[in-house]
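Each remark here refers to the structure printed beneath this line.
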Amino acid sequence: MQGILYPASNVVFYAQGSDPDKFPQLADPSLATDLLASAYGKWKAVENSSLAMAEAANLLTLPGRKCSNGLPVPIGNADWPKFVRGLREAAMVSYKAAQSKNMDNILDAADKLTTACSNCHDKYREKPTLADRCK
Ligand code: HEC
């Protein structure tokens with residue numbers, strides 16, 4: 001979540017309001033901490049970040065993982081795989097939008113992505129206490 005989905009979704013969200021082609025490359029792009037400024041920057045970074053999110057969906061299906069409160073990731077609950085599929089599909093819409101280099105397409109894709117994140121968060125993350133997550 002924090003290491004892949006958060007940074008990758010921000011790259012996509014950036015492209016809603018600003019043209020990634022205009023994002024300046026770092027003087028030494030191989031040291032870039034911002035994907036948009038890296039050797040694989042601009043629209044390529046939006047494509048790659050979308051693919052990273054689609055692949056991260058696979059990680060959310062692995063058995064034996066735990067949430068931060070120690071409970072097992074609820075992969076056995078009926079709606080979990082549905083939310084994971086929602087993430088993968090939204091990420092692929094975002095990938096296609098990035099390939100089109102069209103900011104209006106990204107606007108639609110980002111909307112789908114936000115919905116895919118919050119569908120799962122509403123059920124498994126937005127809880128009064130940490131202990132109530134992932135049930
Ligand atoms: C299939 C379910 C699911 C999907 C889809 C999902 N998340 Fe999460 N996310 C969670 C759960 C569960 C937690 C809490 C994990 C924990 O406490 O260990 C979480 C936590 C997080 C956190 C850490 C914040 C916190 O309060 O702990 C971030 C950031 C995050 N998600 C970002 C995203 C983004 C961005 C997306 C969409 C691109 C996304 N997530 C999609 C289930 C999901």
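Because the structure is a prediction, the values reported are computed rather than measured. What you see below is based on every heavy atom in this structure, not just the backbone, and it leaves out hydrogens, waters and symmetry mates. In each ligand, atom 1 is the first atom listed, and ligand 1 is the first ligand listed.
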For atom 29 (C) of ligand 1, the protein heavy atom that lies nearest, with its residue and separation:
Y6 CB, 3.9 Å

Sort out for me which residue in K123, E126, H121, K127 forms a side chain to side chain contact (heavy atoms under 4.5 Å, CB included) with R133.
K127

Nearest-contact summary for atom 8 (Fe) of ligand 1 - protein heavy atom, Å:
H121 NE2, 2.0 Å

Return yes or no for this condition: an N or O of R133 is under 3.5 Å from an N or O of ligand 1.
yes

V84 side chain near R88 side chain, heavy-atom distance below 4.5 Å:
yes

Can you tell me the protein heavy atom closest to atom 43 (C) of ligand 1 and the distance?
M1 CE, 3.2 Å

List ligand 1 atoms under 4.0 Å from V84, heavy atoms only on the residue side.
1 (C)

Only one of L5, V12, I106 clears side chain to side chain contact (heavy atoms under 4.5 Å, CB included) with L113; which?
V12

With a cut-off of 2.8 Å, does C117 put an N/O/S atom close enough to atom 8 (Fe) of ligand 1?
no

Which residue owns the protein heavy atom closest to atom 12 (C) of ligand 1, what's the atom, and how far is it?
C134 SG, 3.7 Å

CG/N48 to CH2/W43 distance, rounded to the nearest 0.5 angstrom?
13.0 Å

In the protein, what heavy atom is nearest to atom 22 (C) of ligand 1, and what distance, to one decimal place, separates them?
R125 NH1, 3.4 Å

For C67, counting its heavy atoms only, list the atoms of ligand 1 lying under 4.0 Å from any of them.
18 (O)

Can you tell me how far apart CG (D34) and OH (Y14) are? Round to the nearest 0.5 Å.
8.5 Å

Is any side-chain heavy atom of R65 closer than 4.5 Å to a side-chain heavy atom of L60?
no

What do we get for A90 next to ligand 1 when only non-hydrogen atoms under 4.0 Å count, side chain, backbone, both or neither?
neither

Does ligand 1 come near enough to N69 that some N or O of the ligand is less than 3.5 Å from an N or O of the residue?
no

If we only count heavy atoms from C-beta on, is the S68 to L130 side-chain gap below 4.5 Å?
yes

Separation between CG of L26 and CG of L36, rounded to the nearest 0.5 Å:
12.0 Å

Counting from 1 in the order shown, the ligand 1 atoms closer than 4.0 Å to a non-hydrogen atom of F83 are 1 (C), 5 (C)

Atom 4 (C) of ligand 1: nearest protein contact (heavy atom, Å):
C120 CB, 3.4 Å

With a 3.5 Å distance limit and no angle check, can you tell me whether S49 reaches the backbone of V46 through a side-chain donor-acceptor pair?
no

Where is the nearest protein heavy atom to atom 35 (C) of ligand 1: which residue, which atom, and how far?
S9 OG, 3.4 Å

Contact region, L5 to ligand 1, non-hydrogen atoms below 4.0 Å, reads both

Got an N/O contact under 3.5 Å between S68 and ligand 1?
yes

Donor-acceptor contact present, side-chain D28 to main-chain S30, <3.5 Å:
yes

